[in-house]
Amino acid sequence: MSDKLSRRDFLKLAGVGAVTTAILTGCGPASRLVKREPYLQMPEYTYNGLSTYYATTCRECAAGCGLIIRTSQGRALKTEGNANNPLNLGKTCARGQATLQGLYNPNRVRGPIKHTRGERLYDTATDPFNDDFADAKSNMDWAAATQTVADALKNNKPEEIAFLMGMAPDHLFDLVTDLANATGIQSPVRFGALSMFESRATLSKASENLFGQTGLPLFDVGGAQVVFSFGANFLETWLSPVSYTRGFSALREAQTKQRGKFVQFESRMSSTAGKADEWMPLRPGTEAMVALAIGRLVSEIRGIPVPRAFSDIDPLDAASKSGIKLEMLNHLAEMFANSTGALAIPGGAALGQSNGLAVAEAVLALNAVVNNFGKPGGVFFSALAPNQTEYQGPASAKEVGEFVQKMIDGKIKVLFVHGVNPFFELPISLQFGGATKNIPQIISFATFPDETALEADYIFPDHHGLESWGYQRVATGSVGSVLSGAQPVVSPFYDTRATADVLIAAAQLAGGKFAAALPFKDEVEFLHSKVTPLINEADGFFSAPDVNTFMAYFQQFGGWWKTTDGRSIPNSADVLNRSLSSAEAEFAGEGEFFFVPFVSPTLAEAGANKPWLQELPDPTTTVMWNTWVEMNPVTAEELGLEDDDLVSITSEAGVLEVPVYRYPAIRPDTIAIPFGQGHTAYGRYAEKRGVNPTDLIGQNFNEAGDLAFAGMKVKIKKIGKKKPLSRLESIMGVYGVGLGEEK
Amino acid sequence: MAIELKVSEVKMGEAYVGKWGMVIDQDMCTGCQACVAACAMENNLSFVGETDSGYGRSMHWIRIERFWEGSYPEVKMTPNQPMLCQQCGAATCEPVCPAFATVHSQAEQLNLQVYNRCVGTRYCANNCPYQVRSFNWRDYKRPEPLPNQLNPDVTVRRRGVMEKCTFCIQRIHKAQDKAKSEGREVVDGEFTTACAQACPASAITFGRVDNPDSLVSQLARVHGHGVKHLEELGTLPNVTYFKGG
Amino acid sequence: MIKRFFDWLKKPLGLIAVGITFLALFSLAAYGISLSQQPPAQPVQFPHRIHIGFGIQCLYCHPGAAKGPSAGIPAEARCWGCHNQIVKTQTSLLLKPLKDSVISGKPLQWVPVAQVPDFVQFNHRAHIAAGQNCENCHGDMSKMTVAENPQIFNMGFCLKCHTKVAGENHDLLVKLTDCGTCHY
């Protein structure tokens with residue numbers, strides 16, 4: 001047709017078209033279709049168009065940062081940090097910012113569901129922009145749901161009832177603990193993938209061995225002059241990233257003091273190591289050796305007799321085994337010895353090896369040479385939270401393994417799961433999935449349709465964190481003792497119900513000792529019973545003459561905290577007189593490559609269902625929306641691999657197919673895969689995207705019971721296919737190298 | 001109406017003082033992406049999905065650049081560099097827009113993007129030396145109920161429209177409006193941009209550069225060795241970087 | 001093919017077809033324009049005239065105008081505060097929707113009349129503070145039954161006033177005619 005259409009005709013037709021369009025649309029009052037619903041009763045202090053702000057606590061990880069949520073007309077609009085909360089002082093991380101995308105996520109469990117294991121919870125289409133596919137419908141009401149929970153409590157022997165919960169030491173954990181203590185059901189097991197990757201149990205165990213006290217050490221990065229970090233990725237996800245990032249910022253501050261130096265020891269340059277002045281790519285497994293060698297050299301430089309802790313190490317031997325030159329070790333030791341504020345931090349992958357406990361002890365001992373305990377820029381014990389008497393760490397992987405064994409042995413008849421997604425977060429090798437087949441009844445309280453909810457018999461969805469009441473104890477990161485408070489900032493979007501309310505109601509229904517254990521009207525009354533005793537405590541951020549005022553302030557300020565220093569000083573008297581092991585780590589499996597799984601700094605364990613977290617470029621590789629394997633370019637060349645080439649990676653536990661990202665800052669004998677993707681459920685943005693590196697992790701533990709997740713060797717094979725990765729840097733650097741065909 | 005070209009008035013270097021400005025301490029920036037997420041949440045940025053982001057169509061108004069120096073084992077990651085619209089005093093994007101959709105705000109000394117004027121020629125993006133403009137290649141849909149979190153103070157852009165960092169102009173207006181209603185001037189530090197507010201390392205500071213007592217001006221003075229990117233092009237950027245280290 | 005179509009248009013039948021098409025488009029346009037001039041159907045035939053006649057100030061029901069960007073539609077509790085004391089409320093057919101809404105707890109769905117497009121950020125507070133009266137833009141409500149929009153809120157309407165207000169004050173003119181004052 002086009003060849004017959006003359007220019008003149010075209011103009012005529014176009015003219016007619018334009019006039020028609022103008023007449024039909026230009027005058028059409030399309031905007032009149034808008035309808036506005038006023039409030040029936042305007043809430044107090046509210047004006048149309050003006051925002052209301054509520055203080056609450058971030059539930060995206062277990063750190064417990066305070067948030068202020070901007071709301072307008074009953075909708076949550078923006079997350080900001082709570083400037084009053086001493087943990088984060090008004091700051092947030094990317095995951096905290098994206099918490100609203102969880103609240104308004106298109107895939108949430110919308111009401112209580114009786115469910116057949118394995119049955120899908122939403123349509124499987126994966127187009128992120130399509131909103132035509134729906135979540136599974138709720139098929140029971142809350143009265144029936146509560147009755148189900150009550151029956152589960154009543155009709156089973158108490159010791160056969162178990163709770164698996166998230167890492168956060170929150171009010172629900174306290175409620176279940178109270179219930180367990182009063183009725184004899186199993187004490188709740190708290191676990192999360194982050195506690196595994198952070199090696200919390202190892203840190204606590206090392207503290208117990210060296211200082212005679214369990215607990216999480218607090219490292220005052222901000223006050224230090226020289227920081228040596230052995231694998232601790234404290235600027236990404238480790239323990240309390242916002243608080244540690246504040247510390248780092250203070251370390252780097254150069255106007256009022258000397259700019260602090262930072263050295264990171266790890267085989268792959270994480271985004272934390274990227275900020276270091278020196279990155280020491282040591283051979284995995286030699287961290288303890290290097291720490292002890294530096295300790296020996298430091299004592300020599302300082303002219304003190306070499307303590308027993310460092311007497312067995314030969315720096316030359318350590319240098320040759322670790323791949324760090326002796327001159328460099330000397331240089332580092334001088335840096336450490338000559339500083340007035342030297343600090344050494346153990347953490348992350350360095351502890352997730354067979355000798356992890358020895359690494360933690362060796363690095364903590366390094367602090368003893370410069371005796372920085374309890375001093376600015378030194379090591380402390382974290383302040384215990386206000387209503388806490390002793391450190392309550394999450395379960396180690398080994399303890400979870402024992403829990404799984406109980407499941408396999410049929411000793412658990414009912415399993416309640418809240419705040420954790422073991423089907424995704426636990427390595428397959430721990431066999432959680434298979435063990436659930438021996439459990440007659442699994443009840444999930446999942447907010448999102450995650451992998452564990454998919455394998456449950458009932459899903460009784462909890463509110464999203466921004467719709468719920470609660471409090472959370474701050475485990476580490478603040479100077480003072482902090483209890484972060486949570487309150488609903490919007491009314492529940494769906495027919496969800498607070499798990500605490502369900503448990504309280506079910507306990508009343510079950511009667512007997514259950515009803516006696518939880519004698520509360522609802523969650524809020526339980527919260528009051530836990531929080532109001534603080535009214536009598538000294539040194540609070542606020543004080544109140546009566547309980548109601550106290551609770552009003554608690555909500556207004558977003559919690560309660562002490563204004564005094566609550567940290568305690570580790571007893572370091574005996575540290576250097578101990579004999580410390582310098583043994584190298586043992587690596588499980590055959591293969592020529594060390595395997596380092598690390599937590600994606602932007603996604604972490606639960607961020608994959610938030611589309612904007614998916615679209616945040618990874619800080620080091622700038623990859624979005626997928627998983628990659630990092631490989632040194634030299635290694636890649638030897639294997640004949642280019643970017644985006646799929647490889648299969650085989651460990652003793654499993655096989656994965658991942659596209660290659662040639663990463664210039666990784667040891668040639670090491671590969672690394674981020675953890676965070678690889679979901680088989682969990683909503684349209686998470687599902688069928690990337691792989692889960694925990695599939696490769698075998699069942700090997702260190703002496704503290706943490707999983708030796710970084711203690712594996714793997715084989716790599718080229719597959720011959722490509723999976724193009726989306727990355728931000730392609731448009732910034734090499735123009736034209738985008739996705740696929742341009743190349 | 002006659003168009004006044006004020007090219008002759010544009011002065012190079014020291015003589016130019018803008019109004020709103022930013023200093024970014026690259027030594028403190030950890031590359032954690034909190035600013036990127038905060039910006040997306042504040043300014044109703046669309047996410048574009050894996051394929052389109054692979055084509056470089058992602059809509060980040062701020063991004064964190066990192067480059068590599070050397071090769072293993074002497075490889076170094078250069079200090080993270082948050083890159084956003086530099087709100088140039090003499091912006092190269094402005095003169096090329098045939099629709100006058102990207103104009104200079106005389107009142108706030110910012111580069112504006114007027115969405116309702118934009119016809120999508122993308123000349124401005126081609127002419128921006130900082131590559132900070134992003135284009136709406138499609139109507140990126142937000143499935144229900146995600147639109148509930150949209151910020152009512154910021155226009156939701158549609159297909160065919162260019163967009164970029166505005167220095168959170170909605171916050172500037174809000175603060176000015178509040179100050180005016182209380183009969184005073186805006187106080188330094190009273191408000192800040194979404195990125196600066198979120199930044200856990202406090203690497204970003206925002207404020208009035210024409211006020212010598214503001215924190216941005218003080219920081220610029222104390223550091224003394226701030227860098228303005230591609231200054232040699234004569235763009236007169238309003239963002240100053242400290243490399244540190 | 002196009003050529004044949006144009007040839008056909010020149011024949012009598014074609015001319016008639018053109019005429020009919022033109023008439024159809026014209027009447028559609030006229031209908032469209034007339035639609036845009038009518039106030040839209042509202043759930044309640046709210047007589048502004050009577051309420052203003054009682055001496056009720058605009059800001060009593062629309063207090064947001066003095067506080068922030070949006071004037072707002074009053075909450076039904078505001079209506080009910082007076083109306084539950086008025087006998088007529090119980091009997092009047094016109095007030096039945098309000099009564100039903102308060103009893104059932106389902107808010108009325110009003111159709112906004114004075115609107116600006118999404119890409120315009122309008123702030124009532126600044127205009128009230130600058131001494132503008134409501135009727136300068138919204139017309140004299142004491143003469144209206146159901147709210148009508150006497151002005152078409154286009155950019156010319158805004159700028160006409162903004163330039164007039166600024167007068168000789170150059171700084172104010174710059175501020176009031178800056179694109180970024182309304183569009184962001």
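Chain A is the first sequence line, chain B the second, and so forth, proteins listed ahead of strands; every chain is numbered from 1. Note that these values count all heavy atoms, side chains included, but never hydrogens, waters or copies made by symmetry.
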Exercise. Can you list the steps and then say if E37(A) with L108(C) is a side-chain contact (heavy atoms from CB on, under 4.5 Å)?
Worked result: CA-CA 6 Å; E37(A) 273 184 11; L108(C) 292 168; over 6 Å; no
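Screening residues 124-140 of chain C for salt bridge (charged side-chain N to carboxylate O under 4.0 Å, His left out), with sequence neighbours left out, gives D177(B)-R125(C), D140(C)-K143(C).
Taking each heavy atom of P38(A) and E76(C) in turn, the nearest pair found is CG-OE2, 3.8 Å. Listed here is the closest heavy atom pair of L40(A) and A75(C): O-CB, 3.8 Å. Here the closest non-hydrogen pair linking K35(A) and P112(C) is CA-CD, 4.4 Å. The nearest pair of heavy atoms linking G49(A) to S70(C) is CA-CB, 4.1 Å.
Of the listed residues H62(C), K67(C), R78(C), the one with more heavy-atom pairs under 4.5 angstrom with chain A than any other is K67(C).
Counting heavy atoms of neighbouring residues, nucleotides and ligands inside a 6.0 Å radius, atom CZ of F22(C) does not exceed 12 of them. Atom CG of D118(C) sits in a sparse spot, with 12 or fewer heavy atoms from other residues, nucleotides or ligands closer than 6.0 Å. With a 6.0 Å radius and a threshold of 12 heavy atoms from other residues, nucleotides or ligands, F493(A) has its CZ atom above the threshold. Around the OH atom of Y54(A), the shell of radius 6.0 Å holds no more than 12 heavy atoms that belong to other residues, nucleotides or ligands.
The part of A71(C) that comes within reach of chain A is its backbone (N, CA, C, O), which places non-hydrogen atoms under 4.5 angstrom from that chain. The contact between P74(C) and chain A is made entirely by backbone atoms, counting heavy-atom distances below 4.5 Å.
The interface of residues 51-61 of chain C with chain A, defined by heavy-atom distances below 4.5 Å, is empty. Contact residues of residues 84-107 of chain C toward chain A are S101(C), G105(C), K106(C), P107(C) (heavy-atom distance under 4.5 Å).
By the ring-ring contact (aromatic ring centres under 6.0 Å, His included) test, F554(A) is found to be paired with no residue, residues two or more places apart in sequence or in another chain being considered.
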